[in-house]
Number of protein chains: 2
Amino acid sequence: MEKARSDCPISCSLDVFGDKWSLLIIRDIMLRGKVSYSEFLASEEKIASNILVNRLTVLEAEKILVKEVSPANKSKFLYSLTQKGADLLPIVIEIMDWGAKYNENCPRRELGKKIKKDKAGVVKELSQELRKRVK
Amino acid sequence: MEKARSDCPISCSLDVFGDKWSLLIIRDIMLRGKVSYSEFLASEEKIASNILVNRLTVLEAEKILVKEVSPANKSKFLYSLTQKGADLLPIVIEIMDWGAKYNENCPRRELGKKIKKDKAGVVKELSQELRKRVK
DNA sequence: CATAGTTGTTGCAAAATGCAATAACTATTT
DNA sequence: AAATAGTTATTGCATTTTGCAACAACTATG
């Protein structure tokens, strides 16, 4: 990482994932079961391949993601969350809830509705699920 | 706002504040009692004046901030949060907590320690405080 | 009328992003 | 082994955003 702008924890966090793409990759792994470059590339937001490589590299360097060779296919890499990455869950959930609340064109789906009913319960449940597959 | 990349609430939220500066301005208003251009400009992260103007304009257009003439000084403007802006509090708190947890060089100060002890309580308390001064 | 305070604007360089084409490597098929 | 397909990148170039420094417009104050 380049030098921090300040020692404010918010500023330091934004130094890492304060951009339009990083948290979407995290979302894909965290909530959509995606694990590979090609799956991230296929997401509806259409990230460019050079940006994707750059973000994966940064997130790996920050120890938010881990990159491994797929056991089933040696030409494929699998990305998974570390505990540090999994701990981004509450942030992702809060951002999702705010976005759904204030965007007419962002319908709450299954998870969004559960969050509206019982946010803390969802975070607790999902963080337990994530713990099973963190690296 | 430009066109949304998708109808995912996370993506839509990041379309609005997915950058390194917007949430720092929000932080200044929300947690540090700052209200004016010159105060934001003086923050330790050293935002450039053209970026600051741009972010304030965007945040106002998104109805996250409201800009008013200062009653005490007609050449001064005051920025305050709307309810939509105040509802970013849980996101800001979670980002602060994660940043403090994973950065050695980001000491928890008073608020950070309270968050570690009772995050939900802090959010509840601060959101009540904010409600008193939302526009 | 001079000065300071506040909120911008402008110009230019640097960095990040977006887009399209292509390449390297592996696995599979013929 | 040659051809094909799948996966993960790299490269070049145009566009956009950011960073930095200087300056300008407006308003209060003395």
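A note on names: the letters A, B, ... follow the listed sequences, proteins ahead of strands, and every chain is numbered from 1. Just so you know, these numbers use all the heavy atoms, side chains as well, and skip hydrogens, waters and symmetry mates. The model shown is predicted, which means the values in this text are computed figures rather than measured ones.
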Item to complete: In whole angstrom, give the distance that lies between atom NZ of A:Lys20 and atom C1' of D:dT17.
Response: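 From A:Lys20 NZ to D:dT17 C1': 10 Å.
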Response to the item:
Atom CZ of A:Arg55 and atom C1' of C:dT17 are separated, to the nearest Å, by 8 Å
Discussion item. If the condition is ring-ring contact (aromatic ring centres under 6.0 Å, His included), which residues does B:Trp98 pass it with, not counting sequence neighbours?
Written reply: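 So B:Trp98 forms a ring-ring contact (aromatic ring centres under 6.0 Å, His included) with A:Phe17, B:Tyr102.
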Please tabulate, one pair per line, all N/O donor-acceptor pairs under 3.5 Å involving side-chain atoms of residues 45-53 of chain A, not counting sequence neighbours.
{"residue": "A:Glu45", "atom": "OE1", "partner": "A:Arg27", "partner atom": "NH2", "Å": "2.9"}
{"residue": "A:Glu45", "atom": "OE2", "partner": "A:Arg27", "partner atom": "NH1", "Å": "2.9"}
{"residue": "A:Glu45", "atom": "OE2", "partner": "B:Ser6", "partner atom": "OG", "Å": "2.7"}

Fill in: For A:Leu78, the rest of its hydrophobic cluster, which grows through side-chain links under 4.5 angstrom
A:Val35
Worksheet entry | ILVMFWY cluster membership beyond B:Val134 - transitive side-chain contacts under 4.5 angstrom | none
Donor-acceptor pairs under 3.5 angstrom involving side-chain atoms of residues 116-124 of chain B: please list them, not counting sequence neighbours.
{"residue": "B:Asp118", "atom": "OD1", "partner": "B:Gly121", "partner atom": "N", "Å": "3.0"}
{"residue": "B:Lys119", "atom": "NZ", "partner": "B:Glu94", "partner atom": "OE1", "Å": "2.9"}
{"residue": "B:Lys119", "atom": "NZ", "partner": "B:Asp97", "partner atom": "OD2", "Å": "3.1"}

Worksheet item: Tell me the salt bridge (Lys or Arg N to Asp or Glu O under 4.0 Å) pairs involving residues 64-83 of chain B, sequence neighbours left out?
Response: B:Glu68-B:Lys135
Worksheet item: Considering residues at least two apart in sequence or located in another chain, which fulfil the side chain to side chain contact (heavy atoms under 4.5 Å, CB included) criterion with A:Asp28?
Response: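 Per chain and number, A:Asp28 pairs via side chain to side chain contact (heavy atoms under 4.5 Å, CB included) with A:Arg32, A:Lys34, A:Phe40, A:Ser43.
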Worksheet item: Which part of the nucleic acid does B:Asn50 contact within heavy-atom distance under 4.0 Å: base, sugar-phosphate only, or nothing?
Response: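 Counting heavy atoms under 4.0 Å across all strands, the contact made by B:Asn50 includes a base.
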Worksheet, complete the sentence: What residues 24-48 of chain A contributes to the DNA chain D interface at heavy-atom separation below 4.0 Å is A:Ser36, A:Tyr37, A:Ser38
Response to the item:
Here the residues of residues 69-79 of chain B within 4.0 Å heavy-atom distance, strictly under, of DNA chain D are B:Asn73, B:Lys74, B:Ser75
Worksheet item: Over its full length, what angle do the end axes of the helix from C:dC1-D:dG30 to C:dT30-D:dA1 make, each axis taken from five pairs and the result rounded to 10 degrees?
Response: 10°
Discussion item. Quick check: on DNA chain C, is the nucleotide nearest A:Ser49 upstream (toward 5') of the one nearest A:Asp19, or the reverse? Name the residue that is more 5'.
Written reply: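 The answer here is A:Asp19.
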Worksheet item: By side chain to side chain donor-acceptor pair (under 3.5 Å), which residues pair with B:Ser75, not counting sequence neighbours?
Response: B:Asn73
Discussion item. Suppose we screen for salt bridge (charged side-chain N to carboxylate O under 4.0 Å, His left out). Which residues come up paired with B:Glu39, at least two apart in sequence or across chains?
Written reply: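 Not a single residue meets the salt bridge (charged side-chain N to carboxylate O under 4.0 Å, His left out) criterion with B:Glu39.
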Worksheet item: Backbone N or O of B:Arg5 within a donor-acceptor pair of the B:Ser11 side chain at under 3.5 Å?
Response: no
